[in-house]
Amino acid sequence: MPSLPLQSLCELCSAQKPSLRRPKTGQKICQQCFFHVFETEIHNTITAASLFHPGERVAIGASGGKDSTVLAHVMKTLNERYSYGVDFVLLSIDEGIRGYRDDSLETVKRNQQQYSLPLKIVSYKDLYDGWSMDNIVAQIGSKNNCTYCGVFRRQALDRGAQMLGINHVLTGHNADDMAETVLMNILRGDTARLDRCTEIITQSAESPIKRSKPLKFAYEKEIVLYAHYKKLDYFSTECTYSPEAFRGTARTLIKNLETVRSSAIIDIIHSGETFALQRRGGKNQAKKLVAGVCERCGYISSNKLCKACVLLDGLNAGRAAVQISLEKPGDQDDGAALVRKQLEHLSF
Amino acid sequence: MTAQLCKRCSAAEAVFVSRKEPFCRPCFVRYIRGKERKQMAPYKVTYPPRSSSPTPPVRLLLALSLGASSVALLEMLVEHLRDQIETHRGATGFAVTAVHVDCSSVSAYSRSPAAAIDELRDKFGDICTFDIIPLDDFLLNSSDELGVFSHGPDLESYSFTSPAAADDTEALPHTVKSDILDKVRDRTSKRDLLSTIIKTLVVCAAVKHDSPTLLFGDTMSRLAERVLSLTAKGRGASIPASISDNYSISESVVQLFPMREIMRAEAGEYAAMQGFAEYIIKPAVTPAAVLRMMTIDDLLVNYFREIEAGFPSIVSTVVRTADKLKDTTAEMDMACAICGVKCASEPEKWLQNITVNTSAVENPQEPSDSDTLTKDKDILCYGCLVATKSASFTWPCPPRSTKEEIISQYEL
Ligand SMILES: [Zn+2]
Ligand SMILES: [Zn+2]
Ligand SMILES: [Zn+2]
Ligand SMILES: [Zn+2]
């Protein structure tokens, strides 16, 4: 234990007055040390995974929210500090959600000025036969919104990147999101997704674009603190369309685990990194998708039509998404879909 | 309210609803025992070819925590043995030694475990044998037995090891409580280390009793909790070793979970129905009013209690999913100095990378090689690294280095 006078000083530099208790470790530290450790950890994450190469053009998925705003700020800072030599571009999706996306896009536009980075906006309306999220919800009601948004958003980011001639997109997923994903995949029995679900880079047969998550070890609370102390301009309203209810219950569990032991979030990610499935007789080999393209829109798809086009057909025909199975065959165990449905009604 | 009829026999009045199905007492007992018999099927009485005398029974060691499910399992094993004795004119396919690790120095029981074991011995001494092991045996255990799980490192190089404590090992009275658990502040870590100690002791007991199989009374609910608890404690790699049937937990011992198809509430109800409630003296969970005072295990007990009631299928989903995980530790060539799990040498480095401990004003240099692990040092798995963080104690690990060895190794 440090002697008495030291207790009122930052635990890292022993020079400044501490101004926060660090969520990840509980250490009392000063602002400068907080910026230093927060940024250095992200830098370590990037170098450990050899995320970038000099001269690479990389898009930052920018929503105007805290995660992507901090991501853009830190990427710009580290790129200059450590000379990554990366050419960053902001890429935003306009889902067409009034009172949410229109306002947050204003934030992104200000970020573009603040960080002097180029910005590209692609909208659902332009990509999907004039359907905005508001129109979709008006048609299908308030359930399954995220199903549509998930499919459309992923494809929209890919297409935006392709328009820019870029094949690497950064997303703002943070450590809490990663931990949630690990627990949810266990609770849902989603074995296909459990395997390597914490990997920093995801590259799949379903998407032509590489995704990566430089904030995968950054605690959500620290992202909020970082944005606060750096006085970053971000948009803090949650999406008005409710997320999948079950994510909420896993989130509560993680919050409680974190209260009991502050390292729980990274501990869960560490566990997730060790998960691998038993391989049985080349079954996984057989499951590997044959990469083809959607015959209507040209997007990568293993079926005749890609998921987005299937959903669009449904919307255009006035049907709801409920009848459409979005899962690949063999993706899940029997009953998993039912369990998912049940879990959505759980409350803690 | 009119009485509900048992759905199995449609004759008797239901006394218990399990997984949304109403059961009468005899049907419930048959249902639960059926699940245990299915798991214990390999231990039926067998006869060698052309012989009328049965194969001698295999000795199974039952880890009896005196919680509801291990007590229920004891009852079922006793009944199972009685049936075999009756059917096979005195012969049995297995024999049982029930072992209890007496934790009264560190955790609460509703009454003395020694007295409960004595009563059980009086009652079932003709069917099975009982053994009670003091927790502190962990500190006295001879190296050979402890060696099944620990691989003989000295932990000199780690911050939690106190070289001074290692020096006067001969002088002080040793208890697990004062030597280890009191030195750990975090309740989750205490409980985590305690369960490592208990598991080690029962494995040692299995070796001592020449038993090739160790039976645990963990129910499906408990296994599901353990999956999430291990995940939350950074011990995800240990999941297969902690829930899989027939997993080798030491060179000569495999583990088996005969209650893996039974829910926690079912086991408790069963034990109570069979008049075994008085032997359940270990509370399932230490209730804590304040979240901060709970352990990760407590938290998950509560989480699954809620899930089990409303959505029993989620409990089985978790266990089934975990059963599909590959034992990645099998590929590792190092072993954790504390829990013995095989691991890579990287956990400390991994943690340092993402919890940076340098100040903004210092040279933002990478820590030099001398600060990080060198090849000669013994390693801890990630879970044990987290559990022992900032604690200072000596973990008994044979063969313990002598003072001279330590000095010759470290003095410059
Ligand atoms: Zn400082
Ligand atoms: Zn398409
Ligand atoms: Zn009945
Ligand atoms: Zn360990």
Side-chain angles (χ1 to χ4, degrees), chain A residues 10 12-16 24-25 27 29-38 40-41 44-45 48 175 179 182-183 185-191 194 217 253-254 256-257 259-261 263-264 266-279 333 335-336 338-339 342-343 345-346 348, chain B residues 186-189 224 227-228 230-240 291-296 298-300 302-303 306-307 310-311 313-314 316-318 320-329 343-344 347 350-362 364 366 382-383 386 389:
Chain A
C10 166
L12 290 176
C13 64
S14 307
Q16 303 295 312
K24 202 189 246 180
T25 61
Q27 292 163 310
I29 57 176
C30 71
Q31 257 187 50
Q32 287 312 312
C33 284
F34 174 62
F35 294 152
H36 166 72
V37 295
F38 184 84
T40 308
E41 285 164 12
N44 289 346
T45 306
V182 173
L183 293 193
N185 287 340
I186 299 175
L187 287 164
R188 288 161 159 179
D190 209 337
T191 43
L194 191 58
F217 293 118
L253 178 59
I254 287 183
N256 291 342
L257 289 168
T259 308
V260 169
R261 196 189 246 183
S263 67
I266 44 173
D267 297 346
I268 292 170
I269 299 174
H270 187 277
S271 287
E273 293 196 344
T274 68
F275 290 159
L277 291 182
Q278 297 167 20
R279 307 252 171 249
D333 280 308
L338 179 72
V339 166
Q342 291 175 328
L343 278 166
H345 298 289
L346 262 185
F348 293 95
Chain B
D186 165 34
R187 298 166 72 99
T188 294
S189 301
V227 169
L228 285 204
L230 290 170
T231 304
K233 290 187 288 197
R235 296 187 182 278
S238 301
I239 289 176
L291 178 62
R292 204 172 285 282
M293 299 293 282
M294 290 174 89
T295 66
I296 286 179
D298 295 338
L299 207 65
L300 288 162
N302 289 334
Y303 186 79
E306 203 160 333
I307 283 189
F311 308 94
S313 67
I314 291 170
S316 60
T317 300
V318 170
R320 260 192 302 123
T321 307
D323 269 333
K324 290 181 189 150
L325 290 175
K326 185 170 138 191
D327 181 20
T328 47
T329 64
C343 58
W350 187 90
L351 199 59
Q352 276 168 1
N353 252 343
I354 58 165
T355 47
V356 169
N357 241 329
T358 56
S359 103
V361 292
E362 277 167 29
E366 302 282 319
Y382 182 83
V386 173
K389 210 160 47 180

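All values reported here derive from a predicted model rather than from experimental measurement. Letters A, B, ... are given to chains in the order of the sequence lines, protein chains preceding strands, and every chain is numbered from 1. These values consider heavy atoms only, across backbone and side chains, with no hydrogens, waters or symmetry-generated copies.
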Residue selection (most heavy-atom pairs with chain B, distance under 4.5 Å) from T259(A), I186(A), T25(A):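 Heavy-atom pairs under 4.5 Å are most numerous for I186(A).
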Partner chain B: residue of T45(A), V182(A), L194(A), I268(A) with the largest heavy-atom pair count (under 4.5 Å):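 The answer is I268(A).
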By ring-ring contact (aromatic ring centres under 6.0 Å, His included) - contacts of F38(A) (at least two apart): F34(A), Y226(A)
Top of A224(B), A237(B), G234(B) for chain A proximity - count of heavy-atom pairs under 4.5 angstrom: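 Counting heavy-atom pairs under 4.5 Å, the top option is G234(B).
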Sort [X] into side chain, backbone, both or neither according to what part of it lies under 4.5 angstrom from a heavy atom of chain A.
X	result
L230(B)	backbone
T188(B)	both
S189(B)	both

Shortest non-hydrogen contact from C10(A) toward C33(A):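 Here C10(A) and C33(A) meet closest at SG-SG, 3.7 Å.
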Distance, nearest 0.5 Å, that separates CZ of R187(B) from CG of D298(B): 7.5 Å
Straight-line distance of F217(A) CZ to K24(A) NZ, nearest 0.5 Å: 8.0 Å
Proximal component of Q16(A), with respect to chain B [non-hydrogen, under 4.5 Å]: neither
Per-residue contact mode, A276(A) against chain B (heavy atom under 4.5 angstrom):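 Both backbone and side chain.
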Ring geometry between W350(B) and Y382(B) (parallel below 30°, tilted from 30 to 60°, perpendicular above 60°): perpendicular
Residues forming a salt bridge (charged side-chain N to carboxylate O under 4.0 Å, His left out) with D327(B), sequence neighbours excluded: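 Partners of D327(B) by the salt bridge (charged side-chain N to carboxylate O under 4.0 Å, His left out) criterion come out as none, since no residue qualifies.
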